[in-house]
Amino acid sequence: MALVNTKKMFEMAYKNGYAIGAFNVNNMEMTQGIVEAVAQEKSPLILQVSRGARKYAGISYLRAIIDTAVTENPDIPIVMHLDHGDTFETCKQFVDDGFTSVMIDASSKPFEENIKITKQVVEYAHDHGVVVEAELGQLGGIEEDVVGVEDIRKHLADPAQVEEFVAKSGCDSLAVACGTSHGAYKFKSEPKLAFDIIQEIAERLPGFPLVMHGSSSVPREFIDLINKYGGNMPNAMGVPEEAVGKAAKMAICKVNIDTDLRLAVTAKIRQVCVEKPSEFDPRKFLGPGREAIKEMVRHKLHVLGCAGKAAECA
Ligand code: G3H
Ligand code: 13P
Ligand code: ZN
């Protein structure tokens with residue numbers, strides 16, 4: 001039985017100074033690329049479903065794809081996670097649908113309301129053996145009404161709030177805004193993470209697992225391929241891998257990656273389109289995309305330090 005919640009994974013990640021990769025899935029090929037990488041590297045895995053993924057593929061298809069990945073990889077502990085659940089009802093639906101972990105993102109609400117909604121989700125989820133990730137501070141880039149890149153530093157998590165938030169809400173892990181944002185344009189100048197905030201939160205919550213969203217590094221090789229084959233992504237910039245690796249050694253136990261998967265697939269599709277203009281078999285585009293994801297994820301697992309850790313997390 002390889003479908004698990006995050007409890008053991010986070011315990012081991014915290015204790016041994018690494019982080020678990022949480023990768024967003026939208027279709028079969030992207031899921032296969034990720035799962036083939038973790039199987040090869042013997043790594044624990046969190047597969048997560050965003051709001052866009054729900055809208056694009058629907059929960060039943062995504063569940064069936066993830067279920068197949070779980071069945072085919074009995075030695076790999078896999079978490080099925082709802083990414084950025086926006087309401088109690090959404091989280092409840094995913095708990096009822098067999099997900100083992102849900103995120104309630106009420107971080108745009110006032111502090112007391114964030115606690116109240118999170119607590120409601122925690123009570124329901126815990127009754128069903130499901131763990132809950134909550135969020136403090138605000139990340140840029142996910143929705144138009146949420147902060148833009150230039151405002152990020154004004155919306156970091158406030159360390160003074162974390163003990164009260166965790167004690168009152170009962171959440172199992174906490175996503176902390178620490179200078180990252182979603183998407184491919186994270187920084188306008190030198191990339192900087194607020195390691196001081198991560199450190200202070202870790203000291204206030206000893207042993208408590210933290211989560212870093214917006215952790216894609218936006219690899220140069222993919223941006224160069226995209227731009228070479230007709231794309232237009234000037235000024236794309238992500239979180240340097242050294243910074244991701246440093247956070248993973250601290251209290252960050254879960255690292256969210258979506259953009260890098262999209263870049264890998266897009267780069268390969270563009271390359272095939274240009275180099276083989278007579279090609280019309282989608283498998284000839286999606287296959288190389290799947291392979292690029294696999295190689296990229298294999299590399300990430302080493303950056304995060306979770307390669308080879310499947311057995312201790314099971
Ligand atoms: O949740 C974070 C994602 O990167 C945004 O994904 O566009 O599929 O909702 P989405
Ligand atoms: P990236 O856009 O940096 O991949 O972040 C994804 C994320 O945080 C999903 O919740
Ligand atoms: Zn996110």
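Reckoned from all heavy atoms, side chains included, excluding hydrogens, waters and symmetry mates. Sequential numbering from 1 along the given sequence is applied to the chain's residues. Note that ligands are numbered from 1 as they come in the structure, with each ligand's atoms numbered from 1 the same way.
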Check whether any N or O atom of Thr259, backbone or side chain, sits under 3.5 Å from an N or O atom of ligand 2, and answer yes or no.
yes
Going by the 4.0 angstrom heavy-atom rule, the piece of Ser215 near ligand 2 is backbone
For the residue pair Asn16 and Glu312, confirm or rule out a side-chain donor-acceptor distance under 3.5 Å.
yes
Give me the ring orientation class for Phe99 and Phe94: parallel if the planes are under 30° apart, tilted from 30 to 60°, perpendicular past 60°.
perpendicular
Taking the basic N atoms (NZ, or NE/NH1/NH2) and the acidic carboxylate oxygens, is any pair closer than 4.0 Å for Glu11 and Lys7?
no
Identify, by atom number and element, the atoms of ligand 2 in contact range of His84, meaning under 4.0 Å from any of its heavy atoms.
10 (O)
Within the 4.0 Å heavy-atom shell around His213, which atoms of ligand 2 are there?
8 (O), 10 (O)
Is it true that the side chains of Lys300 and Ser217 contain a donor and an acceptor less than 3.5 Å apart?
yes
Residue-ligand contact Lys186/ligand 2, heavy atom below 4.0 Å:
yes
Among the heavy atoms of Arg262, does any lie under 4.0 Å from an atom of ligand 1?
yes
Please report the closest heavy-atom contact between Val211 and Ser173, naming both atoms and the distance.
CG2-OG, 3.9 Å
List ligand 2 atoms under 4.0 Å from Asp83, heavy atoms only on the residue side.
9 (C), 10 (O)
Looking only at distance, does Asn26 have an N or O less than 3.5 Å from an N or O of ligand 1?
no
I'd like to know if the side chain of Asp75 and the backbone of Ala311 have a donor-acceptor N/O pair within less than 3.5 Å.
no
Report whether Ile269 and Ile223 are members of the same hydrophobic cluster (ILVMFWY, side-chain heavy atoms less than 4.5 Å apart, transitive linking).
yes
Which N/O/S atom belongs to His84 and is the closest one to the Zn ion (ligand 3)?
NE2
For Gly183, the ligand 2 atoms whose distance to one of its heavy atoms is below 4.0 Å
2 (O)
Are any of the N or O atoms of Asn24 closer than 3.5 Å to those of ligand 2?
no
Without hydrogens or angle criteria, can the side chains of Asn227 and Asn232 be said to hold a donor-acceptor pair below 3.5 Å?
no
Any side-chain donor-acceptor pair under 3.5 Å between Thr118 and Asn114?
yes
Here the N/O/S atom of His213 closest to the Zn ion (ligand 3) would be ND1
Does an N or O from His182, backbone or side chain, lie closer than 3.5 Å to an N or O of ligand 1?
no
Quick check on contacts: which atoms of ligand 1 are under 4.0 angstrom from a heavy atom of Gly52?
8 (O), 9 (O), 10 (P)
Per-atom filter on ligand 1: closer than 4.0 angstrom to a heavy atom of Ala53 are 8 (O)
In ligand 1, which numbered atoms sit nearer than 4.0 Å to a non-hydrogen atom of Asp83?
1 (O), 2 (C)
For ligand 2, the portion of Ile257 having any non-hydrogen atom under 4.0 Å away
backbone
Under a 3.5 Å threshold, yes or no: a donor from one side chain and an acceptor from the other, between Lys294 and Gln40?
yes
If the threshold is 4.0 Å, N to carboxylate O, is there a salt bridge linking Lys228 and Asp224?
no
